[in-house]
Protein chains: 2
Amino acid sequence: MFQALADPSRRIMVERLSRGPASVSELAKPFAMSLPAVVQHLQVLEASGLIRSEKIGRVRTCHIEWAALQTAEEWMLERRKTWEHRLDRLGDFLADQEKG
Amino acid sequence: MFQALADPSRRIMVERLSRGPASVSELAKPFAMSLPAVVQHLQVLEASGLIRSEKIGRVRTCHIEWAALQTAEEWMLERRKTWEHRLDRLGDFLADQEKG
DNA sequence: TTGTTGGTTAAGCATATGCTTAAGTATTTC
DNA sequence: GAAATACTTAAGCATATGCTTAACCAACAA
């Protein structure tokens, strides 16, 4: 999932999709690359769970799967919590030093 | 930066460092890979701004650069805000439909 | 001063990644 | 039904990535 977000083009696609669903060719517009390349990126995003897509007629529509993005956000949060907890303990230690 | 977090080994290193600073060999312990491999990972992390390190005597100590992790977290947040804003507008639209 | 520890440099290698072109296949639209 | 649209499949290719081994260097420690 972090892997999927590692590529700048894919992040742009996610940004676009956070503004609402879009078709493959719509997503391809801002890029100079070929359509198959775009589709490959979308496959990576879909495999990672970050987006979902369904095909109606001949157009495939993609949309964000919010839950997945939340997972990544939670990982960050978890790191920060640990970090802050550590700083708290350090603060307690320093306060104890002062007292004692 | 997302690129740096894309690798599982590097994420484990960041997790370890969120619990406090550590030396290179300390960070290497949980891994089966060679020391140069670990150092290469640390170089990627440092280049991305996620960690910093300084060498004292012969031991290099690494610690998290919190600001960078925050940047990634903010990106996620930004996506969610856009998404929620979109849902709000959709809600307004539906409410208007109901009234009209 | 000799060895050990902690890390660094350099070279090489296998696989993964991001892209391309060329040739399909369904669906509309005219 | 012919042409255009919206992808899809397949093959190939250049570069990046993650790792290895082998040698090296600096700082302690015995």
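These numbers come from a predicted model, not from an experiment. Below, chains carry the letters A, B, ... as their sequence lines are ordered, and counting in each starts from 1.
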Participant: Could you check whether any side-chain N or O of B:Arg11 sits under 3.5 Å from a backbone N or O of B:Leu5, counting only pairs where one atom can act as donor and the other as acceptor?
Facilitator: yes
Participant: Ignoring hydrogens and angles, are the base of D:dA6 and the side chain of A:Arg58 linked by a donor-acceptor pair under 3.5 Å?
Facilitator: no
Participant: What's B:Gln43 touching, base or sugar-phosphate or nothing? Going by heavy atoms closer than 4.0 Å.
Facilitator: nothing
Participant: Measure CD/A:Gln40 against C1'/D:dG12 and give the value in whole Å, please.
Facilitator: 12 Å
Participant: From D:dT8, C:dG7, D:dC19, pick the nucleotide closest to the side chain of B:Val59?
Facilitator: C:dG7
Participant: From the options D:dG18, D:dC7, C:dC19, select the nucleotide whose nearest atom is closest to the side chain of B:Arg10.
Facilitator: D:dG18
Participant: Check DNA chain C against residues 18-25 of chain A and give the residues with a non-hydrogen atom under 4.0 Å, in numerical order.
Facilitator: none
Participant: Taking the side chain of A:Arg60 as its heavy atoms from C-beta onward, which of D:dT21, D:dT8, C:dC19 lies nearest to it?
Facilitator: D:dT8
Participant: What nucleotide among D:dA4, C:dG18, D:dC19 has an atom nearest to a side-chain atom of B:Met33?
Facilitator: D:dC19
Participant: Is the side chain of B:Arg16 donor-acceptor paired with the backbone N or O of B:Leu27 at a distance under 3.5 Å, no angle test?
Facilitator: no
Participant: Please evaluate residues A:Val59 and A:Val24 with respect to the criterion side chain to side chain contact (heavy atoms under 4.5 Å, CB included), reporting the C-alpha separation (whole Å), side-chain torsions for both, the decisive distance (0.1 Å), and the verdict.
Facilitator: CA-CA 7 Å; A:Val59 28; A:Val24 171; over 6 Å; no
Participant: When the nearest nucleotide of DNA chain D is assigned to B:Gly57 and to A:Leu35 on a heavy-atom basis, which residue is associated with the more 5' position?
Facilitator: A:Leu35
Participant: Identify whether any heavy atom of A:Gln3 sits under 4.0 Å from a base atom; if not, whether one sits that close to sugar-phosphate; answer base, sugar-phosphate or nothing.
Facilitator: sugar-phosphate
Participant: Below 4.0 angstrom from OP1 or OP2 of D:dA27, is there any side-chain N or O of B:Lys55?
Facilitator: no
